[in-house]
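Letters A, B, ... mirror the listed sequences (proteins, then strands); counts begin at 1. Values below: every heavy atom of this structure, side chains too, minus hydrogens, waters and symmetry copies.
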Protein chains: 2
Amino acid sequence: MAGERAATLSDVAREAGVSLATASRALNGSDRVVRPELQERVLAAADKLGYTPNANAQAMARGSTETVGLLVKDISDPYFSTIAGGLADEAEKHGLLVMLCNTGGQPEREQKFLAALRRQRSRAIVLSGSDTAGVRHTSEVADLLTSYLEGGGRAAAISQPRLPVDTVVIDNHGGAKALAERLAGLGYRRAAVLTGPADLLVSAERHAGFAEGWLEATGSTPTYVSDEFSRDGGRRAMTRLLENGRNNGSEVDCVFAVNDLMALGALAACRQAGIEVGPELAVAGFDDIATLRDVTPGLTTVRLPLADIGRLALELVLGEPSAELRKRSVHGEVVLRESTPPRS
Amino acid sequence: MAGERAATLSDVAREAGVSLATASRALNGSDRVVRPELQERVLAAADKLGYTPNANAQAMARGSTETVGLLVKDISDPYFSTIAGGLADEAEKHGLLVMLCNTGGQPEREQKFLAALRRQRSRAIVLSGSDTAGVRHTSEVADLLTSYLEGGGRAAAISQPRLPVDTVVIDNHGGAKALAERLAGLGYRRAAVLTGPADLLVSAERHAGFAEGWLEATGSTPTYVSDEFSRDGGRRAMTRLLENGRNNGSEVDCVFAVNDLMALGALAACRQAGIEVGPELAVAGFDDIATLRDVTPGLTTVRLPLADIGRLALELVLGEPSAELRKRSVHGEVVLRESTPPRS
DNA sequence: GCCGTATGGGAAAGCGCTTTCCGATACGGT
DNA sequence: ACCGTATCGGAAAGCGCTTTCCCATACGGC
């Protein structure tokens, strides 16, 4: 078992009858050339001994690693896992390993992970989600990030434009605005928005975009209810919305939940309240989570190329470093489905 | 920027006016004690210089890392991302980082990742999904794994009982069997199974379990159609099933898709064919993917505690190594919803 | 007051690699 | 035949830590 410790490069060199330097060169092919015969001897020796290079030692000697860090709020959320999938695919192409950091939206965890990635001398870090909760937290993250960058690290963010790094900017505002226009075009007149917490940037942008489009198209401002940025938050928000409507007679004909998960909760609340989504009340979401594309009624939403966003983020973070911050914009596309039929 | 290279431990030691050894001890607290005064000086110096330990150097010197690898078939699949979420949470508690390896179900990739994790001297590896495609592939993976274990690594698998490591065994057979019994109890009589590829163990187990339960309860054997283990596979399989039914008059009243994603595809196929799931045809899945819990009609399925499975796998792999292989069983629970109403 | 024994600091030996630098050999040109 | 120049192998110097081993000091017991 643990009897014979793992073979090292010196073992290989000795076995092949060459020096350490030659063995190293033969195995990695440096700029220096090794005579084919020796090379073969080294390869054979490595194979014979079952040699595995020690990546940590290599990282030390070379001063760089093959690892990129990915911070997400919650990997089990399809939004993040789809992004992670795209990023992981791209990473694989570059021969990089992905360190997955599930922050759970907790600032301390986020900071801990950032520190850990720095210790690991990760080649790059991609931050996604847990967007800029409080200003103070953001600035702490920004500090950590800055010192990481000064140490030669690279970083990029997804949809967190307040961080001082290259960013994949998701056009939340434009997507939500387009959705508002389409819904208004379908004949809806009284809208409500189910938003996440006020300090969540994504949520705020989508809310604002929708409100703007709605105002331009209908001349009115949608009401809104805010709750958690999750399925349960959506359900609670919807429930409250329905209660309010009954109490003061201000019923809406159309509800926009700022993400698909909240929309899902809204759907559940409607069902519970005996409201048929579609004919009786329109509901729309945002993201176009793959798993939800086939449900009944089909959920109208704004499709985001999530996997591409992950890929793009990695490209960005791996690309030539440049002095000024780069932004890469990604736009959503409105997808109308049965949850928002043309209003008769 | 890159002007001043990162502070090292020697820098800290010099700044604090102590030796390297003392600095190291002060920062990590070894079994050796450091006088409080010196300790403070070291801490202050570290802080002043913005010192970050180099995890690679530590790993080398200590001979062990803080990293665990997680192999999944496709992180964007909710099944895996939920497991990953549970595992990541547990890892965070232990101060471990998770290396995410998305194999895409490709054996070569799987092997590449395994090799990479070995190079990294990962503390442990958890394998999930891409279950044992061909025998040859399995044995190659097993070899890689064995040599990893011999090097002092630890590994565990999720639902891949053929690998020579501790495994979290999911009772696919029992869950599917229970489901079959419940469906039969609801009055269904002619069942079909939508399976994945024949060599996919999970799929085969669920198929067999269902068939066994169905046979015991109704005296008949379900027909089956197999296709990809995915949403699209489910759609295609369902389409074929419907066509066959029409051609030879052997229509079924109940369809079991071996996972929720396939069931989702089946739902889509039914909608396209104008069949109302529930009243006209019952459909059930397996896994109880969170995102699908709120769709209409509610999908009958077998609930698996996926996040717990991830946690459990990590616990297993981190626990005391033992000579014999440990198995930890996890059972599913049938959840009846509207997609399988009692048959009138 | 002396010796044996903690106690805690420091020097130095690695950990397993990469890479610079040096030296030996072979080769081409004149 | 001689010199300048490639070409390629090897010795050795790190990379940034941890940890062993040694040593100086302080302390308690008789």
- Query: Under 6.0 Å from the CD atom of Glu108(A), do we count more than 12 heavy atoms belonging to anything else shown?
  - Reply: yes
- Query: Are side-chain N/O atoms of Arg119(A) and Thr52(B) paired as donor and acceptor at under 3.5 Å?
  - Reply: no
- From Arg109(B) atom CZ to Thr103(B) atom OG1, the distance as rounded to the nearest 0.5 Å: 7.5 Å
- With the sugar-phosphate defined as primed atoms, P, OP1 and OP2, and the base as all remaining atoms, what B/S/- string results for nucleotides 8-21 of chain D, 5' to 3', for protein heavy atoms under 4.0 Å? BBBB---BBBBBBB
- Query: Does any N or O in the side chain of Thr65(A) come within less than 3.5 Å of the main-chain N or O of Arg121(A), such that one atom is a donor and the other an acceptor?
  - Reply: yes
- Query: Does Tyr79(B) use its side chain to pair, donor to acceptor, with the backbone of Asp74(B) at less than 3.5 Å?
  - Reply: no
